[in-house]
Engineer: 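Got a structure here, written out as structure tokens. Questions coming.
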Amino acid sequence: MALTLTCPVCGKRNGYEFRYGGEDKGPKPDDFGSSPETWCDYVHMNRCVAGIQKEWWCHRDGCGVWFTTHRDTLKNLEME
Amino acid sequence: MSRLQNQPTLRVDTNKPLSFTYKKKTFSGFKGDTVASALFSGGIRIFSRSLKYHRPRGLYSLDGECSNTGMEVNGIPNVNAEKTLLEKGMQVKAQNVKGSPELDAMGFMDSLDRAMPAGFYYRTMHKPARIWPIALQQVRKAAGLGKISPDFRMTGEFDEIFPTTDVCVIGGGPSGMTAAIAAAETGLRVILLEARPWLGGFFDYRQSEFSRDLPHYQRARELEARMQTLPNIRVFTHTAMVGAYSNNLVTAFQIGNEKDPFDERYLEIRAQSMIVATGCIERPLLFENNERPGVMQIACAHRLANTYGILPGKRAVFSVAHDLGIEAALDLFDAGIEIAAVADIRDNPSHAALVSELEQREIPYLKGWVAREALGAPLKSVSLTTLQGTFEKKLECDLLVASAGMTPVTGPLSMAQAELAFDQHTGFFLPKSLPVGVYAAGRLLGLNDSRAIEASGQVAGLSAALNCGKASAQALKDAQEMLAGRPQAERGCNLVMAPVKGRKAFICFDEDTTVKNIKQAIDMGFDATELIKRFTAAGTGPGQSGIPGHNLPLLVAQHHTDHGALTRPTTMRAPLVPTLMATYAGTNHLMSKRTPMHERQKQDGGVMRKIGVWNRARYFSDDFSCRREIENIRNNVGMLDATTLGKFRIFGPDALKALQRVYVGDMAKISPGKIKYSAMCNEDGCIIDDGVVVQRGENDYYFTTSTARAGITVEWIRYHTRYDGWDFNLVNLTDAFGVINLAGPKAREVLSEVIDADISNAAFPFAAYQEFTALDTIPVRIMRLGFVGELSYELHVPGSWMETLWDALSEAGKPFGIANFGLETQNVLRMEKGHLIIGSESEQRTTLHDVGLGGLWDRNKPAVDTVGAVALQQTENQEKRLKLVGFKMKNTRTPPKDGSIVVDDRIRGHVCIARYSHTLQEAVGMALVEDPLHAVGTEISIYEDECQGQLVSATVVPMPFYDPKGERLRS
Amino acid sequence: MFDRHKPLWGKPPALKQSYDAVIIGGGLHGLATAYFLARHQGMQNIAVIEKKYIGFGGAGRNTAIVRANQRTQQNVPLYKEALDLWPVLTKELDYNLMFFNCGNLNLLHSEAAMSAARMNIASAQFQGVESHLIDAKTCKEMMPALNIAEDITYPIFGAMFHPPGGIVRHDAVVWGLAKGAAKYGCHIHQHTEVTGINVENGKIVSVDTDQGKINTPRVLLTAGGYSAALSYHMLGIKLPISVLNIQAMVTQPLKPLLNHVISSGAYHAYANQTLKGEIATGAHMDAWPNYTTQTTAYYIRHQAQAITEMLPCLKGVKFMRHWSGLADMTPDMAPIMDGNHPIEGYYMNCGWGYFGFKSCTATGKYMAQFMATDECPEILKPFHLGRYAEHRLMGETAALVTYSPDN
């Protein structure tokens with residue numbers, strides 16, 4: 001496969017220039033530290049969506065920006 | 001053997017002979033020959049022996065669809081002789097033979113087929129259990145085709161290019177060339193890939209008419225000439241496409257030539273549109289002994305004569321299912337071969353014109369007949385039968401041209417995720433839906449009419465151009481109408497098998513899989529084609545499924561109880577053509593970073609090691625205990641090249657907030673002119689980095705990280721502030737600055753030689769930070785640190801000045817006995833001081849508390865804001881965790897080896913580092929042990945590898961071992 | 001001897017309305033659990049539900065390496081037992097699983113790596129598993145094709161040599177276990193998709209499939225790479241898993257060249273020679289989740305570069321086939337095996353990453369015991385899901401976890 005991603009700064013680039021940063025879970029929840037379970041849910045647990053998911057990427061070998069995008073995990077293609 | 005000279009389609013230059021060696025004899029061929037055509041011309045008929053049954057194998061397809069002509073060439077195994085151009089002096093050997101291919105001592109294997117039904121190895125050789133280890137060694141020896149020497153070294157040039165283009169056309173036959181021309185005429189950049197050394201595809205070798213007075217091969221030359229007038233087409237011949245990936249990434253490899261001298265070149269092409277015009281191969285006809293040397297496909301016989309000028313036999317029988325077979329029979333007859341009969345399996349054949357030409361030549365034409373069995377080795381006769389098996393006749397011949405029709409080359413399409421569906425009319429798997437930007441053209445769509453083939457190329461070329469935003473919809477519409485006006489896809493045969501049991505009818509040559517084997521697998525409950533492929537190994541050999549390709553799913557479907565739905569080809573996988581690792585590897589590069597002092601460190605006797613991305617000096621002598629280096633630091637002074645440390649500037653209004661987020665300490669408490677030591681944790685509270693931070697101005701900080709974290713720190717800080725929108729700038733200065741660690745009791749005296757300022761202990765004490773000018777010129781940032789436990793200075797200097805400053809210090813240090821020290825010395829010194837190295841004394845399971853650095857965490861900072869703070873809070877009082885401790889060996893001066901484990905009735909921890917300390921005159925170390933074994937005074941038992949149960953004892957002691965009050969580093 | 005060819009795992013059975021246990025996933029772990037349940041635990045009214053065909057997923061895509069030189073004492077006994085079970089199962093199933101006990105050489109490329117490996121070796125030896133640290137010269141003697149020169153990216157210092165390991169024919173394991181399970185009454189339903197799991201009053205009651213509903217008090221989710229998505233989709237239970245594509249490839253078949261499995265952490269590559277003679281090599285994954293099982297041009301190149309530095313003669317050998325499978329990676333590189341939590345009758349066995357093949361026999365044995373008795377066997381207890389919230393990662397990887405699945 002040949003993933004491409006659209007960096008908000010550098011435009012559409014080869015996927016291997018980027019680092020995956022996980023599912024987008026939003027900022028830490030208010031009860032983040034209230035129990036080990038809520039902490040664990042935010043830090044370790046994933047939904048593992050088989051389909052389109054919103055996720056974080058860093059343009060590691062480019063400008064370095066972190067951004068979110070939508071990608072279809074069944075096709076490994078970024079949504080237009 | 002002499003060649004036919006009058007063929008206008010010849011691709012060999014008979015004025016240029018080339019000699020080569022085979023079976024210790026000298027053979028000769030001509031420039032343009034392949035190894036296989038030259039050997040065939042030299043009288044060789046058996047090229048190899050098959051994998052399992054050691055059956056003789058010869059030329060069959062001429063396009064490398066099976067391992068029949070896999071040979072060893074110049075020490076390289078499994079070289080496909082059909083596709084490898086002959087070169088002068090080649091050393092060619094046959095594979096998988098004991099003796100010679102003609103007289104193979106293992107030939108008796110062929111009679112053992114009843115003992116080896118499908119998957120027989122799963123059901124044998126395991127009873128009794130002790131025979132299996134012996135049997136498996138025999139299996140290993142028998143398996144495998146080629147041989148490679150462990151000492152083989154590839155020579156030659158391996159190139160790589162990564163072009164981007166608008167349209168990539170795969171296949172340089174008539175439809176591919178037409179498509180390329182159509183797309184290029186709209187102004188787009190086009191790349192065309194052709195696997196053979198020349199363009200033309202199915203047109204190249206045919207003398208039949210494309211149109212009045214224009215033979216097919218001439219038409220191919222016309223198209224080629226037209227392409228040459230379009231400079232925006234880049235043509236790569238002798239370039240096999242091997243992979244298609246999403247977003248139209250295409251990979252291929254090219255064979256070099258005289259004009260472009262390299263051995264092989266890897267191509268990775270990113271295209272906007274991709275056109276697959278790969279045409280067809282022939283569908284193997286299934287009958288008994290269908291792979292006997294002397295049996296070959298239509299194009300193989302045809303091209304031997306027309307391309308290479310070699311007559312493939314003297315007397316031939318044809319058993320075909322396609323007009324191209326009749327065309328070949330006519331050509332070969334005209335070239336001088338006697339044709340005993342042309343059997344045609346179709347009940348609705350063909351152009352009447354072709355049949356009448358057979359009649360003109362008095363060649364018997366047997367409609368509805370098919371080859372049943374090839375007899376004799378070498379081939380002596382063939383038995384033909386009607387489809388129902390009711391009549392039979394035997395004809396003598398030394399050549400049987402056998403083919404069940406055409407099979408589309410769909411590998412590139414299916415790799416590109418196109419959906420294929422079986423089509424009853426053509427008997428083909430045709431593209432049902434194509435991904436965006438992927439188009440198909442030519443014979444693989446089932447077309448046979450030459451002008452329809454070209455018209456389909458025109459349509460594909462314009463569609464591809466439209467996808468790139470060029471070409472008009474009208475032009476495309478016109479092309480589509482033109483195509484619609486030509487004859488449509490022809491009716492083809494789907495699965496062709498003579499009425500036989502198939503005991504010796506091979507569906508896969510590479511793996512010696514017979515039709516009978518497939519039936520056995522189905523009987524055993526294997527239903528999906530993929531499972532049958534795995535169970536019988538059909539299609540898993542070097543021919544990349546070329547022979548079983550579409551026959552396998554069709555045969556499975558035919559023998560299965562319910563199953564139209566299952567009729568689909570097996571998954572095609574890259575590389576579609578076997579590709580040398582040398583080609584994929586390209587030019588190997590040694591990947592390493594070097595510091596400005598690299599050469600000097602080597603000259604000074606540094607034993608260099610690859611550590612992370614860097615090359616660094618680990619020792620400065622081959623005394624790996626480093627005693628002299630260590631003692632010199634404790635007593636005099638030494639220098640370490642610490643350039644690899646991560647170095648960063650962070651500045652801007654929110655710089656402090658960002659530091660607060662990632663460091664466990666309170667970064668608001670950094671004093672001017674002082675360094676602050678702190679650590680970073682991950683969300684698990686696990687320590688991932690430690691380093692120092694200094695403030696150089698308002699909202700402007702400089703900080704260091706460990707070597708391992710240098711590459712990731714910017715990313716890390718930006719990740720953990722990604723929702724905040726804070727305003728700060730972060731610059732990685734790791735490669736911009738060199739770092740010298742000047743350490744030892746005499747360090748101050750050395751430093752004062754190069755710096756004209758007051759650096760007395762009072763003016764520049766421990767933990768101070770100051771910026772100086774060395775040698776009146778060089779800006780240098782100095783931190784007073786104590787990682788090795790002595791008075792020491794960390795000098796950060798612009799990389800370009802590093803060598804100058806280093807030399808000055810070396811010179812100034814001479815009277816004080818200055819010497820280099822390496823990483824191992826630093827490792828021992830810091831251990832004596834109880835300082836940890838992350839990853840050595842910590843691991844994934846250990847938190848900041850566990851390694852004894854909990855004190856660095858400032859709990860009064862807003863907890864949820866600091867990465868790892870929640871975990872630090874929740875684990876603070878947990879029991880049964882691993883804890884970092886110091887230990888001293890009992891009754892021995894020998895330290896346990898690093899990585900030894902701490903045990904009682906079970907494993908309780910492990911030794912991270914242990915050394916005999918020359919400074920302390922005893923063996924000490926650091927270990928991670930399970931709570932409560934960490935209490936000072938506990939006796940622990942250490943189990944070393946290979947200790948045969950002999951444990952050694954140690955006592956947990958407080959750290960640091962050396963200078964517990966820290967007087968030396970403060971002095 | 002071979003005149004009759006009976007279906008190995010029986011004729012396709014009709015789906016019953018109820019089973020004592022339903023196993024979701026016809027891969028190695030599902031089939032192994034079914035086999036041990038049916039044959040050794042006496043629970044024979046059970047079904048394995050497989051969406052595609054048995055062995056479609058990781059079971060047929062791994063490179064068949066087995067070993068028991070893991071890092072922690074929780075893992076070693078499990079893998080050791082799994083290793084010991086290959087000959088036992090070959091006999092019990094009367095099916096040749098073709099265990100090639102060639103031993104594994106895990107190459108080490110620095111002094112630090114040698115020390116780290118010594119911990120695995122000492123742990124192995126302490127627990128009765130053979131493993132030794134050997135130097136580069138010995139490696140070269142054992143494997144003449146190895147390049148121990150210093151001018152490569154990661155020069156070889158030595159290796160962890162683990163004689164009990166080797167390779168097993170993975171397809172044979174799938175078919176053998178299916179044969180064994182079916183013989184003792186288990187129904188194997190291929191081409192059947194589970195669409196829902198139904199819970200009432202905190203207990204499992206039934207499973208919906210595209211072929212009908214099945215009443216059952218017990219469900220085992222062991223669907224490899226698809227487990228986490230199914231768990232969240234059907235029950236809302238999130239797992240600490242990232243599903244990555246791991247790739248492997250084989251060369252054309254050669255006469256014997258490699259007599260051991262070799263692997264290298266620094267090069268991210270391993271290689272072994274199958275009994276058919278192909279050099280199987282792989283290990284790399286794209287560091288972002290996807291379910292495509294598509295390969296990449298990027299990694300076949302990487303693999304060629306890495307493997308030919310270690311084994312330079314392979315430059316003259318051709319790659320023939322490249323494929324990919326799913327690896328369900330957990331943060332601590334250790335699996336999740338749990339049951340009756342948080343739902344009674346709901347069992348899970350997932351998160352194996354790329355270790356699922358080597359462990360399947362022992363896991364099947366103990367998961368079967370767990371399901372049959374409702375009592376978690378001691379050996380499985382450390383693998384419970386709760387360890388992540390308790391801040392007690394297993395330590396199977398020494399590497400520090402950062403925010404993304406590949407660290």
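Keep in mind the model is a prediction, meaning the values are calculated, not measured. Every chain is numbered from 1 and lettered A, B, ... according to where its sequence line falls, protein lines coming before strand lines.
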Engineer: Can you say whether B:A118 sits under 4.5 Å from chain C via the side chain, the backbone, both, or neither, judging by heavy atoms?
Structural biologist: neither

Engineer: Need one label for B:A129: side chain, backbone, both or neither, based on atoms under 4.5 Å from any heavy atom in chain C.
Structural biologist: neither

Engineer: Looking at C:Y154, is B:K610 sitting on its ring face, NZ or CZ under 6.0 Å from the six-membered ring centre and within 45 degrees of the normal?
Structural biologist: yes

Engineer: So do C:V250 and B:R573 actually touch side chain to side chain, heavy atoms under 4.5 Å?
Structural biologist: no

Engineer: State, to 0.1 Å, how close B:P150 and C:C313 come at their nearest heavy-atom pair, and which atoms those are.
Structural biologist: O-CB, 3.6 Å

Engineer: Between C:P144, C:A172, C:P256, who has the most heavy-atom pairs with chain B when the cutoff is under 4.5 Å?
Structural biologist: C:P256

Engineer: Counting only non-hydrogen atoms closer than 4.5 Å, does B:V242 touch chain C with its backbone (N, CA, C, O), its side chain (CB onward), both, or neither?
Structural biologist: neither

Engineer: Relative to chain B, which segment of C:L258 carries a heavy atom at a distance below 4.5 Å: side chain, backbone, both, or neither?
Structural biologist: backbone

Engineer: Is there a side-chain contact between B:Q544 and C:M320 (heavy atoms, below 4.5 Å)?
Structural biologist: yes

Engineer: Measure the spacing between CG of C:L254 and CZ of B:R140 and express it to the nearest 0.5 Å.
Structural biologist: 11.0 Å

Engineer: Taking side chain as everything from C-beta outward and backbone as N, CA, C, O, which of these in B:T540 sits under 4.5 Å from a heavy atom of chain C? Side chain, backbone, both or neither.
Structural biologist: both

Engineer: So what's closer than 4.5 Å to chain C heavy atoms on B:T251: side chain, backbone, both or neither?
Structural biologist: side chain

Engineer: Output the option from B:A521, B:S592, B:P77, B:A143 having the highest count of non-hydrogen pairs under 4.5 Å with chain C.
Structural biologist: B:A143

Engineer: Measure distances from B:E824 to the heavy atoms of chain C and classify the residue's part below 4.5 Å as side chain, backbone, both or neither.
Structural biologist: neither

Engineer: Identify which part of B:Y266 has an atom lying under 4.5 Å from any heavy atom of chain C, answering side chain, backbone, both or neither.
Structural biologist: side chain

Engineer: Does any heavy atom of chain C fall under 4.5 Å from the side chain of B:E511, the backbone, both, or neither of them?
Structural biologist: side chain

Engineer: Do you know which of B:E944, B:R906, B:E268 has the most heavy-atom pairs under 4.5 Å to chain C?
Structural biologist: B:R906

Engineer: Locate the shortest heavy-atom distance separating B:M154 from C:K315; write the atom from each residue and the value.
Structural biologist: CE-O, 3.3 Å

Engineer: Taking only Lys NZ, Arg NE, NH1 and NH2, and the carboxylate oxygens of Asp or Glu, determine whether B:E530 and C:K52 approach each other closer than 4.0 Å.
Structural biologist: no

Engineer: Considering all heavy atoms of both residues, which atom of B:D945 and which atom of C:A122 are nearest to each other, and what is their separation?
Structural biologist: N-CB, 4.0 Å

Engineer: In the structure I gave you, are the side-chain heavy atoms of B:D527 and C:Q190 within less than 4.5 Å of one another anywhere?
Structural biologist: yes

Engineer: Taking C-beta and beyond as the side chain, do B:L580 and C:K318 meet within less than 4.5 Å on heavy atoms?
Structural biologist: yes

Engineer: Given a strict heavy-atom distance threshold of 4.5 Å, which part of B:R534 is in contact with chain C: side chain, backbone, both, or neither?
Structural biologist: both

Engineer: What's the separation between atom OH in C:Y298 and atom CG in B:L249, rounded to the nearest 0.5 Å?
Structural biologist: 13.0 Å

Engineer: Between C:E150, C:H322, C:Q252, who has the most heavy-atom pairs with chain B when the cutoff is under 4.5 Å?
Structural biologist: C:Q252

Engineer: May I ask you to say whether B:K127 pairs ionically with C:D94, meaning some side-chain N is under 4.0 Å from a carboxylate O?
Structural biologist: yes

Engineer: With a 4.5 Å cut-off on heavy-atom pairs, point out which of B:P578, B:G525, B:S67 contacts chain C the most.
Structural biologist: B:P578

Engineer: How close do C:A304 and B:A585 get, heavy atom to heavy atom, and via which atoms?
Structural biologist: CB-N, 3.7 Å

Engineer: When only pairs under 4.5 Å are counted, which of B:C912, B:S900, B:G541, B:A135 shares the most heavy-atom pairs with chain C?
Structural biologist: B:G541

Engineer: Check whether C:K91 gets within reach of chain B through its side chain, its backbone, both or neither, counting any heavy atom under 4.5 Å.
Structural biologist: neither

Engineer: Is a side-chain donor or acceptor of C:R301 paired with a backbone partner of B:Y584 at a separation under 3.5 angstrom?
Structural biologist: yes

Engineer: Please say whether more than 12 non-hydrogen atoms of neighbouring residues, nucleotides or ligands are located less than 6.0 Å from NZ in C:K140.
Structural biologist: yes

Engineer: Taking B:E946's backbone N and O only, do any of them form a donor-acceptor pair with C:Q125's side chain (distance below 3.5 Å, no angle check)?
Structural biologist: yes

Engineer: Using every non-hydrogen atom in the two residues, find where B:L531 and C:I54 come nearest and quote the distance to one decimal.
Structural biologist: CD2-O, 3.9 Å

Engineer: Are any of the side-chain heavy atoms of B:F526 and C:L8 separated by less than 4.5 Å?
Structural biologist: yes

Engineer: Could you walk me through whether B:R153 and C:N147 satisfy the side chain to side chain donor-acceptor pair (under 3.5 Å) test, starting with their C-alpha distance in whole Å, then the side-chain angles of each, then the deciding distance to 0.1 Å, before giving a yes or no?
Structural biologist: CA-CA 11 Å; B:R153 291 294 178 273; C:N147 181 11; 5.2 Å; no

Engineer: Looking only at heavy atoms, what is the nearest atom pair of C:L314 and B:M581, with distance?
Structural biologist: O-CB, 3.4 Å

Engineer: Atom OG1 in B:T529, atom OH in C:Y53: separation rounded to 0.5 Å?
Structural biologist: 9.0 Å

Engineer: Between B:W132 and C:F100, does the ring centre distance come in under 6.0 Å?
Structural biologist: no

Engineer: For B:Q874 and C:H391, run side chain to side chain donor-acceptor pair (under 3.5 Å): C-alpha distance rounded to whole Å, both residues' side-chain angles, the deciding distance at 0.1 Å, then the answer.
Structural biologist: CA-CA 8 Å; B:Q874 292 177 352; C:H391 304 283; 2.7 Å; yes

Engineer: Looking at B:Q878, B:K147, B:M125, B:Q137, which has the largest count of heavy-atom pairs under 4.5 Å with chain C?
Structural biologist: B:Q878

Engineer: Of the listed residues (B:V79, B:L145, B:I76), which shares the most heavy-atom pairs with chain C below a 4.5 Å separation?
Structural biologist: B:L145

Engineer: Can you classify the ring geometry of C:Y95 versus B:Y122 as parallel (below 30°), tilted (30 to 60°) or perpendicular (above 60°)?
Structural biologist: parallel

Engineer: Looking at C:S110, C:P87, C:S123, which one has more heavy-atom pairs under 4.5 Å with chain B than the rest?
Structural biologist: C:S123

Engineer: For chain B, find which of C:W175, C:W9, C:W323 contributes the most heavy-atom pairs closer than 4.5 angstrom.
Structural biologist: C:W175

Engineer: Please confirm whether the backbone N or O of C:P253 pairs with a side-chain atom of B:N78, one donor and one acceptor, at under 3.5 Å?
Structural biologist: yes

Engineer: Working to the nearest 0.5 angstrom, can you tell me the gap between C:T90 OG1 and B:H126 NE2?
Structural biologist: 7.0 Å

Engineer: Pick whichever of C:M394, C:H132, C:Q127, C:E111 has the most heavy-atom pairs under 4.5 Å with chain B.
Structural biologist: C:E111

Engineer: About how many Å separate OH of B:Y121 and CG of C:N96, when rounded to the nearest 0.5 Å?
Structural biologist: 11.5 Å

Engineer: What distance separates C:R392 CZ from B:R881 CZ, expressed to the nearest 0.5 Å?
Structural biologist: 5.5 Å

Engineer: Donor-acceptor check, side chain of B:K141 to backbone of C:K255, threshold 3.5 angstrom: yes or no?
Structural biologist: no

